[in-house]
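Before any comments, here is the structure.
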Amino acid sequence: MARFGMVIDTAKCVGCMDCVVACQTENDVPHGHCRDWIVTEVRGTYPTLEMEIRSERCNHCDNPPCVYCCPTGASHVEPFGKTVQVTANRCIGCKACLAACPYGARFVHPEGYADKCTFCLHRVKEGKDPACVSVCPTRCMHFGDLDDPKSEVNRLLGSRKWHTLLPEAGTKPRIFYLD
Amino acid sequence: MLEITSTRHNPFVDPQLHVWGWEIPVYLFFGGMIAGMMILAGIAMLRVARGEDPESFFSVQTPLLGFMLMNVGMLALLLDLSHKLYVWAVYLTFEPLSPMSWGSWVLLVAYGILMASALVRIGDSWPWLTRTFPVVGRLSAALETPSRLRLLAFANIGFGIGLGIYTGILLSAMVARPLWNSAILGPLFLFSGLSAAAAMVHIAVRIFPGRPAPQGLVGGAFAAMWQPLGARAPRAGTENALVRADVGFLGVELVLLALLLLGLVTAGASQIAAAQILISGAYAPAFWGAIVFAGIVLPIALQLLELGHRIPHTVVPALLVLAGGFALRWVLVNAGQASQVLQSASR
């Protein structure tokens, strides 16, 4: 069984926000909300500063606190690709998952249920890439099976230095950023 | 230097998490107080079951008001939900890793225990009920055998402790909020709930020192927390015992609060930053002023003076304890949402 993940090359990302717009169009994300977003990070001491631009979203963690805290099982790990999903008609809107996520990846849909990135499972089931990956003009985003040693995501992780977000939170995120 | 700019703009999440408003602090406050009432009632029931003189301690009827407050607390919880029509989904499953799932089931059982416990001696507080529905009186009388009282007592104490600890664990299970991520929140909220319950009984003591007491819906339930089971007013030493117990609860609460801060300031950068929100940040005036000073230290001092017969007994310390107990939940819920796991400045 696959274990989907994403690899994003921060050396190629220009922060054009095509991924954000594609997600909103593909998933009918309500106005004023976003399932993915762009972060610009500047670190260092002048004049030796470095900047990283990256596309962020739900990390579909291997150790997902949002799933553990859910009182109804609405937040769950989907067997297909072991991704973290929300069943809207089981969500009571307690918002514990929003508080439990260290990445701020979730929001309350105007209809009341918790919402977030799905890795576009409906597209992946048809053999397509998630919408954000498919529209990236610099091809900095790669989607695939982390359990397949021959997958492109594993080839990239084996050939480049990478980091994940907030590894100290212990959530084992599955979005990897190439340095 | 680490400067982060984000295009994310989700309501309740940005610029900082604020998913829970007044409803959750109200629910946690009442939940803790009800837990304390259940424990106090359980202790009283054990003593009655043992055949001790029932006039020398507070009433076994604290669950009557507890049951009424439980409805208020659960209403606040329901108001917080953003997908209210699906609330039934909580009781279609049991999620062993979710404190909220545990809490939902504990609440359901506690609700039943409170309802059964409220029937004990209900004729004393709501005589109109037993007159109108004699079956309630018969049920009440059936509960008064020592073995049944003992069973109710253990259920009240066990589920009272469970409910009190749960209100803290609900928050502490979240790794993303360093301020909450401490198991000390469980016993802290339990002892805060016990002190709030004792304060409520103390207020009833002051307002209704003996019979005749009101017998209305709210007045009867409130007065019943103190009314002696016999016909006479309670002995004078009983109030002192209650105040001594409250001082003990508040003392433990103060130690637990100190341990919570100690645990945070001696941990990692995220925890230290979280502690600063309380110690010197936006919530410092409310934390030091409303919780530590007005909610714990001042009531302890006033109650010690009362016990030493330096000042007369008043409702002031009890009111301060209640306000401090609510402030504890309000500050921790809000400050906890403002705390987050910090990204390292170097990679």
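Values below: every heavy atom of this structure, side chains too, minus hydrogens, waters and symmetry copies. Here the structure is a predicted model, which means the values were calculated and not measured. Residue numbers start from 1 in every chain, and the chains themselves are labelled A, B, ... in the order their sequence lines are given, proteins ahead of strands.
- Residue-environment remark: CE (B:Met115) exceeds the threshold of 12 foreign heavy atoms within 6.0 Å.
- Taking the six-membered ring where the residue is Trp, B:His83 and B:Tyr86 present parallel rings, their angle staying beneath 30° rather than reaching 60°.
- There is no contact between B:Leu170 and chain A, counting heavy-atom distances below 4.5 Å.
- Aromatic pair B:Trp102/B:Phe94: centroids less than 6.0 angstrom apart.
- Minimum heavy-atom separation, A:Leu165 to A:Tyr103: O-OH, 2.8 Å.
- Most heavy-atom pairs under 4.5 Å with chain A: of the set B:Met100, B:Glu95, B:Arg8, this distinction falls to B:Arg8.
- Only the side chain of B:Val175 comes within less than 4.5 Å of a heavy atom of chain A; its backbone N, CA, C and O stay farther away.
- For the atom pair B:Leu171 CG and B:Ser182 OG, the distance stands at 11.0 Å (nearest 0.5 Å).
- The OG atom of B:Ser270 lies 8.0 Å from the CD atom of B:Gln340; values are rounded to the nearest 0.5 Å.
- At a heavy-atom cut-off of under 4.5 Å, chain B is reached by A:Met17 from residues 3-25 of chain A, listed in order of number.
- Most heavy-atom pairs under 4.5 Å with chain A, from the set B:Thr5, B:Val13, B:Leu92, B:Thr93: that is B:Thr5.
- We find the CZ-CZ distance between A:Phe176 and A:Arg160 to be 14.5 Å, quoted to the nearest 0.5 Å.
- Within residues 27-38 of chain A, the residues having any heavy atom less than 4.5 Å from a heavy atom of chain B are, in residue-number order, A:Gly32, A:His33, A:Cys34, A:Trp37, A:Ile38.
- Comparing B:Pro96, B:Ser101, B:Ser98 by how many heavy-atom pairs each has under 4.5 Å with chain A, the most go to B:Ser98.
- For the 3.5 Å distance criterion, the side chains of A:Glu78 and A:His76 qualify, holding a donor opposite an acceptor.
- Minimum heavy-atom separation, B:Val106 to B:Gly162: CG1-C, 4.4 Å.
- Aromatic ring centres of B:Phe67 and B:Tyr111: separated by under 6.0 Å.
- Note on A:Cys69, A:Gly112, A:Ala100: by heavy-atom pairs under 4.5 Å with chain B, the leading option is A:Gly112.
- Separation of the B:Phe12 and B:Trp20 ring centroids does not fall under the 6.0 Å cut-off.
- Side-chain N/O atoms of A:Thr87 and A:Gln85 include no donor and acceptor closer than 3.5 Å.
- For the atom pair CZ of B:Phe191 and CD1 of B:Ile39, the computed distance is 8.0 Å after rounding to the nearest 0.5 Å.
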Could you go through residues 89-97 of chain A and list every donor-acceptor pair under 3.5 Å that involves a side-chain atom there, pairing it with any protein atom two or more places apart or in another chain?
from: A:Arg90; atom 1: NH2; to: A:Thr72; atom 2: O; distance (Å): 3.1
from: A:Lys95; atom 1: NZ; to: A:Gly93; atom 2: O; distance (Å): 3.3
from: A:Lys95; atom 1: NZ; to: B:Asp80; atom 2: O; distance (Å): 2.5

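- At a 4.5 Å heavy-atom cutoff, the contact between B:Leu17 and chain A is made by side-chain atoms alone.
- Interface with chain B: from residues 121-137 of chain A, no residue qualifies, criterion being any non-hydrogen pair under 4.5 Å.
- Nearest heavy-atom pair across B:Ala196 and B:Leu322 is O-CD2, 3.5 Å.
- Residues A:Val77 and A:Pro64 approach most closely at CG2-CG, 4.1 Å, considering heavy atoms.
- Counting heavy atoms of neighbouring residues, nucleotides and ligands inside a 6.0 Å radius, atom NZ of B:Lys84 exceeds 12 of them.
- In this structure, a donor-acceptor pair under 3.5 Å is present between the side chains of A:His142 and A:Glu152.
- The residue among A:Cys101, A:Gly104, A:Ala88 with the most heavy atom pairs within less than 4.5 Å of chain B is A:Gly104.
- Highest contact tally toward chain B, considering only A:Gly73, A:Pro65, A:Cys66, is held by A:Gly73 [criterion: heavy-atom pairs under 4.5 Å].
- For B:Glu3, the parts lying near chain A are the backbone and the side chain together; criterion is any non-hydrogen pair under 4.5 Å.
- Between chain A and the residues B:Leu97, B:Ile4, B:Thr7, the largest count of heavy-atom pairs under 4.5 Å involves B:Thr7.
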